[in-house]
Amino acid sequence: MLDPHRLRTDLEQVAKALSHRGFVLPVAVFSELEGRRKVLQTRTQELQQLRNSRSKAIGQAKASGQDVSALLAEVATMGDQLKQAETELEALQAELQGLLAGIPNIPADSVPVGKGEEDNVELRRWGSLPTFAFEPRDHVALGDGNGLLDFEVASKISGARFSVMKGELARLHRALIQFMLDLHGREHGYTEVYVPYLVNSDSLRGTGQLPKFEAELFALRDTGQGAPYYLIPTAEVPVTNLLRDVIVEAEALPLKFVAHTPCFRSEAGSYGKDTRGMIRQHQFEKVELVQIVRPEQSYQVLEQLTADAETVLQRLELPYRVLSLCTGDIGFSAAKTYDLEVWLPGQQKYREISSCSNFEDFQARRMLARWRSPGGKPELVHTLNGSGLAVGRTLVAVMENYQDDGGRIAVPEVLQPYMAGCRVIGGR
RNA sequence: GGAGAGGUGGCUGAGCGGCCGAAAGCGGCGGUCUUGAAAACCGUUGAAGGGCGACCUUCCGGGGGUUCGAAUCCCUCCCUCUCCGCCA
């Protein structure tokens, strides 16, 4: 959520900044609502003040034994007036809140201006692309038919966009998770957390998935009482919400968390996209990095967090590149985002494997996550997160980059300790 | 699932329908004292919103109701704890 005060005082500038990401701020609607809000709020508060002072007078008169019938008569019609004003104000504020909740974050100044994917700026590349003396297979060809990957049985059990991994491949997948958790936990100083995979709507509002992106979520059938649960689309939701409605002491910052969770996405609107293989699934594993920091440090931390994610690819010796997403391509809540894209020989393309973002105070304002600043006053923290990494896609990258002409897959050196020394899997 | 107890400020914990944004203690901050620190003593200390401002409004788990007036009474939901049952 943007700062409502800024929206009131600097509407044109905000609208301009948002136009860079292709968002049209309904300026006229907003200022009209805001104008009415101001009048109505003032009036409501005046009525409340009057009621409070009259009620107090009645109390005092009663206490001193005076007759209060005159005072009561005076106040008789006030209740309805006040109730009406309060109801109107509430409706108006709900409308404003709804509008506000649908406004995306303002891109940082350093974000390249552009319309979409094609305008993202490549910052650097790491590693050299593997060369093969044969036509490299994609991960489906490498895993299907030899018992490692089974999409048919997955679709029988569940449907499209699910997969079943077996044997050494399932183990390699698990090894990746352990490796990533250990790297970030032991070497990068993140605290490992285990969190719920089902969350309430407040949590999703806090990180910005609701109200705008409900269609991308899986909701559990309402059990009849209370609000429904949602399956998390990313660990970012439960982990960042650890700080919801919390004021942390300055010394406690930065808070660094790493969590491994499954992620569930409906992938609405991506029909026909990446239908082959396990690139785009309804269920996948991810190791997520989350940091809660002082505002003045967040951009420095974004670089560090991105570097932490890059380390995973470097240790796995997977070639990748880093993009700075342009204003037209960054996510709803983000002020700035770096994407890591790994090289997939089977597609002869770089594909997204991590997304590292600084949300500044956008999420913090929604969830009221604050820290006690040196002045003693609570201030909003800045929140960041990044995949470190998407496990399913990392597995795909390992399979495709480490294949040999027999369709076997070499186990990256750093994973071998997690595989009981196993050095090669698969083949037929 | 059954029975009971409870949710109040950073924490613990009081709170006859009006003098309660809320006692007291702890913690925090400032000061006195001290070479310095501790102790002691004095003062101060919740959050959100509106207004240039004096100031005003809202908030005692969430929502609804009764009342001129609700932390306090009623309804409802959620959560926590204890016991029993069941269960990985």
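Here is how names work: the chains are called A, B, and so on, in the same order as the sequence lines, proteins then strands, and each is numbered from 1.
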Let me know the distance between [atom1] of [X] and [atom2] of [N], rounded to the nearest Å.
X: A:E90; N: B:C59; atom1: CD; atom2: C1'; value: 14 Å
X: A:L82; N: B:U67; atom1: CG; atom2: P; value: 14 Å
X: A:K38; N: B:C52; atom1: NZ; atom2: C1'; value: 11 Å
X: A:R6; N: B:G49; atom1: CZ; atom2: C1'; value: 20 Å
X: A:Q60; N: B:C20; atom1: CD; atom2: P; value: 11 Å
X: A:D202; N: B:G63; atom1: CG; atom2: C1'; value: 13 Å
X: A:R54; N: B:U67; atom1: CZ; atom2: C1'; value: 17 Å
X: A:D361; N: B:A48; atom1: CG; atom2: C1'; value: 16 Å

[atom1] gap between [N] and [M], integer Å:
N: B:A39; M: B:C29; atom1: P; result: 12 Å
N: B:A37; M: B:G18; atom1: P; result: 47 Å
N: B:G46; M: B:U82; atom1: P; result: 34 Å
N: B:C16; M: B:G7; atom1: P; result: 13 Å
N: B:A24; M: B:G43; atom1: P; result: 11 Å
N: B:U67; M: B:G27; atom1: P; result: 47 Å
N: B:C59; M: B:A22; atom1: P; result: 14 Å
N: B:G28; M: B:C11; atom1: P; result: 15 Å

Inset, instruction - State, to 0.1 Å, how close A:A108 and A:Y299 come at their nearest heavy-atom pair, and which atoms those are. - result: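 Here A:A108 and A:Y299 meet closest at CB-OH, 3.1 Å.
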Legend entry - Considering all heavy atoms, the nearest A:L142-A:M399 contact: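 Minimum heavy-atom contact is CD1-O, 3.4 Å.
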Legend entry - Ring centers of A:H282, A:F264 separated by less than 6.0 Å: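 Ring centroids of A:H282 and A:F264 are no less than 6.0 Å from each other.
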Inset, instruction - Would you confirm whether the ring centroid of A:F332 sits within less than 6.0 angstrom of the ring centroid of A:F362? - result: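 They qualify: ring centres under 6.0 Å apart.
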Mate of [N] where both pairing distances stay under 3.5 Å, Watson-Crick or G-U:
N: B:C20; answer: none
N: B:G9; answer: none
N: B:C41; answer: B:G31
N: B:G46; answer: B:C59
N: B:C81; answer: B:G4

Legend entry - A:R54 CZ to A:L72 CG distance, which is reported to the nearest 0.5 Å: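 So the gap between those two atoms works out to 11.0 Å.
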Residue [X], side-chain atoms from C-beta onward, closest of [options]:
X: A:I58; options: B:C68, B:A47, B:G64; result: B:C68
X: A:R51; options: B:G18, B:G69, B:G49; result: B:G69
X: A:N52; options: B:G69, B:A48, B:U58; result: B:U58
X: A:K83; options: B:U66, B:G51, B:G49; result: B:U66

Inset, instruction - Go through the N and O atoms of the side chain of A:K62 and the base of B:G18, and report whether any donor-acceptor pair is under 3.5 Å. - result: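 Answer yes: a donor N or O sits under 3.5 Å from an acceptor.
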Pick base, sugar-phosphate or nothing for [X], based on heavy-atom distances below 4.0 Å to the nucleic acid.
X: A:R370; result: sugar-phosphate
X: A:P4; result: nothing
X: A:R43; result: nothing

Inset, instruction - Would you indicate, yes or no, if B:G69 has its OP1 or OP2 atom less than 4.0 angstrom from a side-chain nitrogen or oxygen of A:K56? - result: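 Indeed not, no polar side-chain atom of A:K56 lies that close.
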Legend entry - Check: A:T191/A:K256 side-chain N/O donor and acceptor closer than 3.5 Å: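 Note: A:T191 and A:K256 side chains miss the donor-acceptor criterion.
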Inset, instruction - Ignoring hydrogens and angles, state whether a donor on the side chain of A:S298 or A:H382 is under 3.5 Å from an acceptor on the partner side chain. - result: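 Result is yes, a qualifying pair exists.
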Inset, instruction - By nearest nucleotide on RNA chain B, pick out whichever of A:P378 and A:E249 is the more 5' one. - result: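 Whichever sits nearer the 5' end wins; that is A:E249.
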Inset, instruction - Hey, which sits more toward the 5' end of RNA chain B by its nearest nucleotide, A:E86 or A:Q41? - result: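 Nearest nucleotide further toward 5': that of A:Q41.
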